[in-house]
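What follows is a short report on a single structure.
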Amino acid sequence: MESHQTQTARIAVLISGFGSNLQAILDACNAGQLPARVVVVVSNRKDAYGLVRAERAGIPAVYFPLKPYLQDGRGRRQYDADLAELVAGYSPDWIALAGWMHVLSNAFLQRFPGRVINLHPALPGQFPGTDAIARAYQAFREGRITQTGVMIHFVPDEGVDCGPVIVSETVPIYPDDTLEALEERVHAVEHRLYVEALRRLIAGEIPPCR
Ligand code: GAR
């Protein structure tokens with residue numbers, strides 16, 4: 001993990017669900033748009049379709065649940081420490097949280113300083129937490145915002161959906177939008193922007209987050 005500019009960067013992707021952003025990253029690697037390969041996919045949910053995507057791509061797909069840790073008293077920090085150990089075993093250059101629905105503590109983050117990045121389907125500082133697109137849609141209908149967006153950011157600490165921005169882009173909301181139409185537009189931007197963020201990081205175009 002010495003250089004940020006390896007020839008073929010190693011990416012660990014953490015997911016909790018459908019894995020469409022994982023798929024965008026896999027497709028970009030396969031198409032030669034990203035000088036990288038996904039070395040492991042970890043999900044905290046067993047039924048995450050992203051695990052199927054990983055298996056189909058021949059990538060180690062690991063289900064790593066939090067529940068046993070909560071049930072036997074080891075707790076969230078031990079889960080995060082063990083998760084870090086698992087991920088570190090694949091020697092990733094970057095850890096990409098792609099729809100990963102678990103706030104990581106320093107027990108995980110300190111293991112990979114400046115190497116963990118996250119997707120948030122809203123503009124910087126807006127709608128942290130779950131259901132950001134639906135909350136933006138509601139805010140638009142109430143006249144509180146005129147547009148939304150997507151950001152990819154470093155995860156330097158335990159804050160939720162915040163940290164130095166790598167790339168962000170606005171997404172328009174139209175008066176006749178349904179929530180589904182807005183979600184579709186936001187997801188399309190997510191997929192493009194996540195690949196762009198990784199490309200810039202791997203190329204060393206983004207100053208490291210210390
Ligand atoms: C993403 O579309 C993103 O909007 C949302 O989870 C979805 C996962 O989709 N939320 C977050 O990422 C919160 N950080 P995917 O599993 O199809 O990539």
Side-chain angles (χ1 to χ4, degrees), residues 11-30 34 36 38 40-57 59 61-66 80 83 94-105 108-109 115-140 145 147-173 177-198:
I11 304 174
V13 183
L14 274 54
I15 61 158
S16 299
F18 189 51
S20 65
N21 284 280
L22 163 67
Q23 192 65 57
I25 295 166
L26 290 172
D27 290 348
C29 292
N30 288 338
L34 211 50
V38 176
V40 66
V41 173
V42 182
S43 172
N44 60 345
R45 294 191 186 150
K46 193 174 187 176
D47 60 354
Y49 184 66
L51 288 174
V52 176
R53 295 180 192 271
E55 278 164 10
R56 282 185 186 158
I59 293 163
V62 184
Y63 166 51
F64 194 70
L66 170 63
D80 285 4
L83 176 64
W94 301 102
I95 296 97
L97 311 183
W100 170 253
M101 298 305 195
H102 166 75
V103 178
L104 292 165
S105 68
F108 182 92
L109 298 171
R115 304 298 186 119
V116 182
I117 67 174
N118 182 48
L119 157 71
H120 181 53
L123 289 170
Q126 293 192 347
F127 309 110
T130 57
D131 297 324
I133 305 174
R135 286 186 289 140
Y137 181 73
Q138 185 60 29
F140 174 82
I145 60 169
Q147 59 186 11
T148 187
V150 173
M151 74 161 171
I152 316 293
H153 63 95
F154 288 109
V155 184
D157 55 34
E158 299 179 5
V160 176
D161 295 323
C162 60
V165 176
I166 299 165
V167 280
S168 72
E169 188 172 307
T170 59
V171 175
I173 311 177
D177 258 343
T178 59
L179 174 58
E180 291 70 28
L182 177 61
E183 283 173 338
E184 199 174 317
R185 203 175 307 119
V186 169
H187 290 324
V189 174
E190 288 175 3
H191 299 160
R192 178 168 46 75
L193 218 56
Y194 218 147
V195 170
E196 180 61 12
L198 285 164

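Counting starts at 1 for both ligands and their atoms, following the listed order. Index from 1, following the sequence.
- Ring-plane geometry between Phe154 and Trp94 is classed as tilted, the angle between the planes lying from 30 to 60 degrees on a 0 to 90 degree scale.
- For the 3.5 Å distance criterion, the side chains of Ser16 and His102 fail to qualify, holding no donor opposite an acceptor.
- Each of Gly17, Phe18, Gly19, Ser20, Asn21, Gly99, Met101, Asn118, Leu119, Pro121, Asp161, His187, Glu190 has a non-hydrogen atom positioned under 4.0 Å from some atom of ligand 1.
- Side chains of Glu190 and His187: a donor on one and an acceptor on the other come within 3.5 Å.
- For the side chain to side chain contact (heavy atoms under 4.5 Å, CB included) test with His191, the passing option among Leu119, Val150, Asn21 is Asn21; the others fail.
- Listed here is the closest heavy atom pair of Asp177 and Tyr137: O-OH, 2.8 Å.
- Two residues are said to be in side-chain contact when any heavy atoms from C-beta on lie closer than 4.5 Å; Leu182 and Phe140 fail this criterion.
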